[in-house]
Amino acid sequence: DETLQGWIQAGGRQLDFVFISACHSRTAGQVFVDAGVSHVICCETNQSLLSNTAAMVFARDFYRAIGSGRTVQQAYDLAVHAVIHSSELQLSNTKYSNKEEAAKFALLPERNVDHNVHLFAPARNESASLELLKKRISHHKRSTYMFPTPPQIFLGREVELYQALRLMFVKKSRLLRLTGTHQGIGKYSFAKALCQYIHERKMWGPICFLPTPFARPE
């Protein structure tokens, strides 16, 4: 899909990994593969519903392995192994065996791609990593262009957020104006959330948030 491919590559960055934690998601996973994503984890479409316990066990052990410097393939294999031998899953209400639950997870593409790659650098000595973290924190300076923190609870605006991002990075719109007929509908909060989304993913350069006398928090 050209639209999805353009969206994934927006900002000049390649999306290397997608985790679709949903039942019957192989078709969606293949769409991401076709759009250029190198590694996609999803669930088989010809299998029964995935149990919540299996999903949690798999995700927990996969991300734990990835975070400790394992490759995508190694993390996937460890997560599958964790589901197979999970005592939590054995005590749950699922009517399927651990091996049947583990078989529902898929790593795409299955051919012509080497999944033995690192998403993060291999873990270094723990004390050295702690010292590096302390050094980064001590040298951190708040940028002059930093914008206000968005509200902690910001739900139900994902579609509008996607539409705004699509206009900016796919349609290449030079001006995006947020309007509304009433006060208190969340335009100011939406603008802050949009800035936060772009900043965290480094989709742009410095972001200047300039409040004006006509733009007040609602």
If every non-hydrogen atom of [X] is compared with every non-hydrogen atom of [Y], which pair is closest and at what distance?
{"X": "V83", "Y": "N98", "result": "O-ND2, 3.1 Å"}
{"X": "V57", "Y": "S86", "result": "CG2-OG, 3.7 Å"}
{"X": "N116", "Y": "T71", "result": "OD1-OG1, 3.4 Å"}
{"X": "C42", "Y": "R26", "result": "SG-CA, 3.6 Å"}
{"X": "A164", "Y": "L176", "result": "CB-CD2, 3.7 Å"}
{"X": "S38", "Y": "V113", "result": "O-CG1, 3.8 Å"}

Report the C-alpha separation of I20 and F32 in whole Å, then their side-chain angles, then the decisive distance to 0.1 Å, and conclude whether the side chain to side chain contact (heavy atoms under 4.5 Å, CB included) test is met.
-> CA-CA 10 Å; I20 309 176; F32 279 101; 3.8 Å; yes

Rounding to 0.5 Å, atoms CG (D77) and NE2 (H115) come to a distance of 10.5 Å

Here the gap from E160 atom CD to K187 atom NZ, rounded to the nearest 0.5 Å, amounts to 13.0 Å

Q.
For Y63 and F19, take the angle between the two ring planes, folded into 0 to 90°, and tell me which bin it lands in: parallel under 30, tilted 30 to 60, perpendicular over 60.
A. parallel

Are [X] and [Y] grouped together when hydrophobic residues (ILVMFWY) are joined by side-chain heavy atoms under 4.5 angstrom apart?
{"X": "L78", "Y": "V40", "answer": "no"}
{"X": "Y96", "Y": "I84", "answer": "no"}
{"X": "L50", "Y": "M56", "answer": "no"}

Trace of the side chain to side chain contact (heavy atoms under 4.5 Å, CB included) decision for I198 with L165: CA-CA 8 Å; I198 295 172; L165 290 165; 3.7 Å; yes

Problem set entry | Distance flag, aromatic centroids of F169 and Y197, threshold under 6.0 Å | no

Taken in chain and number order and not counting sequence neighbours, the residues that satisfy salt bridge (charged side-chain N to carboxylate O under 4.0 Å, His left out) with R60 are E88

Q) Centre of F58's six-membered ring, under 6.0 Å away, within 45 degrees of the axis: is that where NZ or CZ of K104 sits? A) no

- request: Quick one: do H24 and L49 satisfy side chain to side chain contact (heavy atoms under 4.5 Å, CB included)? Show the steps, please.
  value: CA-CA 8 Å; H24 310 305; L49 294 177; 3.6 Å; yes

Okay, side chain of [X], backbone of [Y]: is any donor-acceptor separation there less than 3.5 Å?
{"X": "Y76", "Y": "I41", "answer": "no"}
{"X": "S25", "Y": "C43", "answer": "yes"}
{"X": "H118", "Y": "G69", "answer": "yes"}

Counting only heavy atoms not in H85 (residues, nucleotides, ligands), do more than 12 fall under 6.0 Å from its NE2? yes

task: Please indicate whether D16 has more than 12 foreign heavy atoms, meaning atoms of other residues, nucleotides or ligands, lying under 6.0 Å from its CG.
output: yes

Decide side chain to side chain contact (heavy atoms under 4.5 Å, CB included) for H39 and V117; before the verdict, give the C-alpha distance in whole Å, the side-chain angles of both, and the deciding distance to 0.1 Å. CA-CA 10 Å; H39 317 283; V117 297; 3.2 Å; yes

Query raised in the report: Can you find a pair of side-chain heavy atoms, one from M168 and one from L194, that are under 4.5 Å apart?
Result: yes

